[in-house]
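Since this is a predicted model, take the numbers as computed values, not measurements.
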Amino acid sequence: MSAFLSSHTRTHSSGALRASDTGKHVVLTGWVQSYRDHGGCVFIDLRDREGVTQLVFDPEFDKAAHEIAGSLRNEWCVGVTGEVRARGSKVNEKMSTGDVEVWVKGIEVFSKAETPPFAIADDVDTNDTLRLKYRYLDLRRPKLQKNLIMRSKIAMTTRDYLSSNGFLEIETPFMVKYTPGGARNFLVPSRLNPGSFYALAESPQIFKQLLMVAGYERYFQIVRCFRDEDLRNERQPEFTQIDIEMSFVNEAILQSMMEGLISTLWRDVLGIELTLPLRRMTYAEAMDKYGVDKPDLRCDLTLCDVTAPSGKSGFKIFEGVVASGGIVKCLRVPGPAEKLSRSMLDGLTDFAKSFGVKGVAFARVQEGGVWQAPFAKSFSDEARNEVNRIAGAVPGDTLIFVAEKYKVANTAMGGIRLHIGEKLGLIRKNEWQFMWLVDPPLFEVDEATKDIAAAHHPFTSPRTEDEHLLETEPEKVLARAYDLVLNGVEVGGGSIRIHKSELQARAFKALRISEEDQRAKFGFLLDAFKYGPPPHGGIAFGLDRLSMLMTGAEFMRDVIAFPKTQKGSDLMTECPTPVSKKQLEELFIQVRPDLPVK
RNA sequence: GGAGCGGUAGUUAAGUUGGUUAUAACGCCGGCCUGUCACGCCGGAGGCCGCGGGUUCAAGUCCCGUCCGCUCCGCCA
């Protein structure tokens, strides 16, 4: 037990002291941020999670403390007692505690520190490997501490809001039945059931619906989900959802309740008032104008579809694509044309190729609507004028074209739109652009295999007015689903569920899932739905993504205390690892290193 | 599954057409310094150039392979 702590309790955090505290005797604890030894006087910046305070060690004020101060080094953990004094003319404007300093009378070194592998400061640029290996040091950095403090506040505010609106926080299992389809599951072997496995839940979807059947009416959970898919900046193998389900609601009621949550978060955590209701946009409009189902509305550039005129333009490449069922999308970049340099356009072609397009075409619009482009001569005047009209092109503009299959063209052009927006500074970084994306398709059809799959999940309700198309043209059926999009990021998504077994049977049939498969995969859910299920719907928000956006973090790793790398490993604990033969035998598992890695 | 970028003192980087002893800044160690706050001044130590092959009289540099990290496409109902 520390002698210091047996007689002292911390009185203030290091970020708390102000001029009004002058004269107080205080006890502070924290870490040495920096030391400045002047031979006589020694200055120490003491850091804790709330901030930094300057400590003064003057040999004439306290000789013993001054002697210890001379030996202090960065990241030593110490406790001090002392007197708050105003700094007078020596105020440090850069520090929130810069009006005062603490003249130290007593100090205890709780623990010394080796020189850390990187400096504990926000502005230090260090590679990710090192940061992750010494995560506990990285987490000492003020920026990460601020992020995690805000994340905690987001979670608490969410609990408060939902709880005060009648939602119950109910836990659901992580170890669940494996169901094929959808995201790949992590598997957990069952020692008590040789050869059988649990799956780690990719979401609590089915359980929250069962809670509705069970009459709990309003459920939420801040819950970990697990998906064994390839990772990205915004994708961790385990991530956290704010999972919500409500009975007796339609889209309007649910979305309004969620807008309440979002606006409460923005008000209580960020101090920003949002204007409600949030904007709605249909999936069709989003794909048409932005090429994606999560448009970033901070950028005003929009796409347009010029398939019709391109198909009879005389330009062989476009005509060929249109004839084989593809589309031609165009992005109009307002002039003057010089903003888009030749090298920028060339770079764009490489960028676009990463989306699988074969090429990108550019045309500079000149007086009279004439194009300056390599293919200008092969493009008929009539078609060109029509393209100009659709795009709203005026002299000085640059038109960018991609001709591809529907999905590739849209994905690539959606990417190009933001790429150009970024390069030209056309994305308004200080805005919060929310929108509900509504009326998405219920099913997705694989272009190559013609396989049909649920776009969301198989329990999503079709729009009532589209139900009659389930058997005849399922690809045209739109869903009672919605995504909440913020600044081009999908932060949440959900749907009104099917609660009538006849409709569910038709949906399964459209998905070509046999009754046998239905029983095997979802039998318990179908059984449950025989016993008076209420109409219900829900949504799930990505807490990691919300935290990222609200803190302004560039990387998801910066809002997660102990994140994993792109290969799913934890560099600090060095996991995953092989396990002993004995452990494997206990689980009746054999490892096959002879099989090829796919 | 695919594309791109990166790996050189503790850290961040530089390293020319392959050519003497691999630089710099910060940090670290020692000394000096009573008002600094990215303190300052003087001195010093510190290298498996990710790893393994190859080419060459000679490789941090060129070639092949491999590992790790990052970004993106596919994938993520």
Between [X] and [N], is there a contact of a side-chain N or O with OP1 or OP2 at under 4.0 Å?
{"X": "Lys353(A)", "N": "A3(B)", "answer": "no"}
{"X": "Asn127(A)", "N": "U11(B)", "answer": "no"}
{"X": "Arg36(A)", "N": "C39(B)", "answer": "yes"}
{"X": "Lys94(A)", "N": "A38(B)", "answer": "yes"}
{"X": "Lys90(A)", "N": "C37(B)", "answer": "no"}

Would you indicate what [X] reaches in the nucleic acid, counting non-hydrogen atoms under 4.0 angstrom: base, sugar-phosphate, or nothing?
{"X": "Glu101(A)", "result": "base"}
{"X": "Thr460(A)", "result": "nothing"}
{"X": "Phe118(A)", "result": "nothing"}

Check: Are Arg140(A) and Glu75(A) within salt-bridge range, i.e. N to O under 4.0 Å?
Finding: yes

Next item on the list: Identify whether the distance between the nearest side-chain nitrogen and carboxylate oxygen of Glu245(A) and Arg497(A) falls below 4.0 Å.
Entry: yes

Whole Å only: how far is the [atom1] atom of [X] from the [atom2] atom of [N]?
{"X": "Asp125(A)", "N": "A25(B)", "atom1": "CG", "atom2": "C1'", "result": "14 Å"}
{"X": "Phe61(A)", "N": "G35(B)", "atom1": "CZ", "atom2": "C1'", "result": "16 Å"}
{"X": "Asp138(A)", "N": "U11(B)", "atom1": "CG", "atom2": "P", "result": "14 Å"}

Measuring only the [atom1] atom in each nucleotide, how far is [N] from [M]? A whole number of Å is fine.
{"N": "G60(B)", "M": "U17(B)", "atom1": "C1'", "value": "16 Å"}
{"N": "G47(B)", "M": "G7(B)", "atom1": "C1'", "value": "15 Å"}
{"N": "G27(B)", "M": "G10(B)", "atom1": "C1'", "value": "7 Å"}
{"N": "C67(B)", "M": "C57(B)", "atom1": "P", "value": "32 Å"}
{"N": "A38(B)", "M": "G43(B)", "atom1": "P", "value": "25 Å"}
{"N": "A9(B)", "M": "A45(B)", "atom1": "C1'", "value": "11 Å"}
{"N": "U66(B)", "M": "C29(B)", "atom1": "P", "value": "43 Å"}
{"N": "U23(B)", "M": "G46(B)", "atom1": "P", "value": "13 Å"}

Checklist line | Protein-to-nucleotide contact annotation, 5' to 3' order, nucleotides 27-33 of chain B [B base; S sugar-phosphate only; - none; under 4.0 Å, heavy atom] | finding: SSSS--B

Checklist line | Contact letters for nucleotides 71-77 of chain B, in which S counts primed atoms plus P, OP1 and OP2 and B counts the base, heavy atoms under 4.0 Å | finding: BSBBBBB

Which atoms of nucleotides 43-47 of chain B (N or O only) lie under 3.5 Å from a protein N or O atom, and what are those distances?
none

Item checked: Within the 6.0 Å centroid threshold, strictly below: Tyr198(A) and Tyr178(A) -> no

Margin query: I'd like to know whether the aromatic ring centres of Phe355(A) and Phe351(A) sit less than 6.0 Å apart in this structure.
Written below: yes

Tell me, please, which residues at least two apart from [X] pass side chain to side chain donor-acceptor pair (under 3.5 Å).
{"X": "Tyr482(A)", "value": "none"}
{"X": "Arg131(A)", "value": "Asp138(A), Asp558(A)"}
{"X": "Asp99(A)", "value": "none"}
{"X": "His536(A)", "value": "Gln209(A)"}

Of the nucleotides [options], which one has an atom closest to the side chain of [X]?
{"X": "Cys41(A)", "options": "C70(B), U34(B), C37(B)", "value": "U34(B)"}
{"X": "Asn92(A)", "options": "A38(B), U36(B), C37(B)", "value": "C37(B)"}
{"X": "Leu571(A)", "options": "C70(B), U12(B), C68(B)", "value": "C68(B)"}
{"X": "Thr565(A)", "options": "C37(B), U12(B), G69(B)", "value": "G69(B)"}
{"X": "Asp128(A)", "options": "G35(B), C70(B), A13(B)", "value": "C70(B)"}

Taking any strand in view, what nucleotide pairs with [N] in a Watson-Crick or G-U wobble way, both distances under 3.5 Å?
{"N": "G69(B)", "result": "C5(B)"}
{"N": "G44(B)", "result": "C28(B)"}
{"N": "G35(B)", "result": "none"}
{"N": "U16(B)", "result": "none"}
{"N": "A59(B)", "result": "none"}

Listed partners of [X] passing side-chain contact (heavy atoms from CB on, under 4.5 Å), at least two apart:
{"X": "Thr22(A)", "answer": "Ala86(A), Val100(A)"}
{"X": "Phe508(A)", "answer": "Pro458(A), Phe459(A), Gln504(A), Ile513(A), Gln518(A), Phe522(A), Leu526(A)"}
{"X": "Lys358(A)", "answer": "Glu404(A)"}
{"X": "Asn487(A)", "answer": "Asp296(A), Arg298(A), Trp432(A), Gln433(A)"}

Next item on the list: Go through the steps for Thr565(A) and Ser569(A) under the test side chain to side chain donor-acceptor pair (under 3.5 Å), then give the verdict.
Entry: CA-CA 5 Å; Thr565(A) 70; Ser569(A) 55; 3.1 Å; yes

Checklist line | All ring-ring contact (aromatic ring centres under 6.0 Å, His included) counterparts of Phe43(A), not counting sequence neighbours | finding: His38(A)

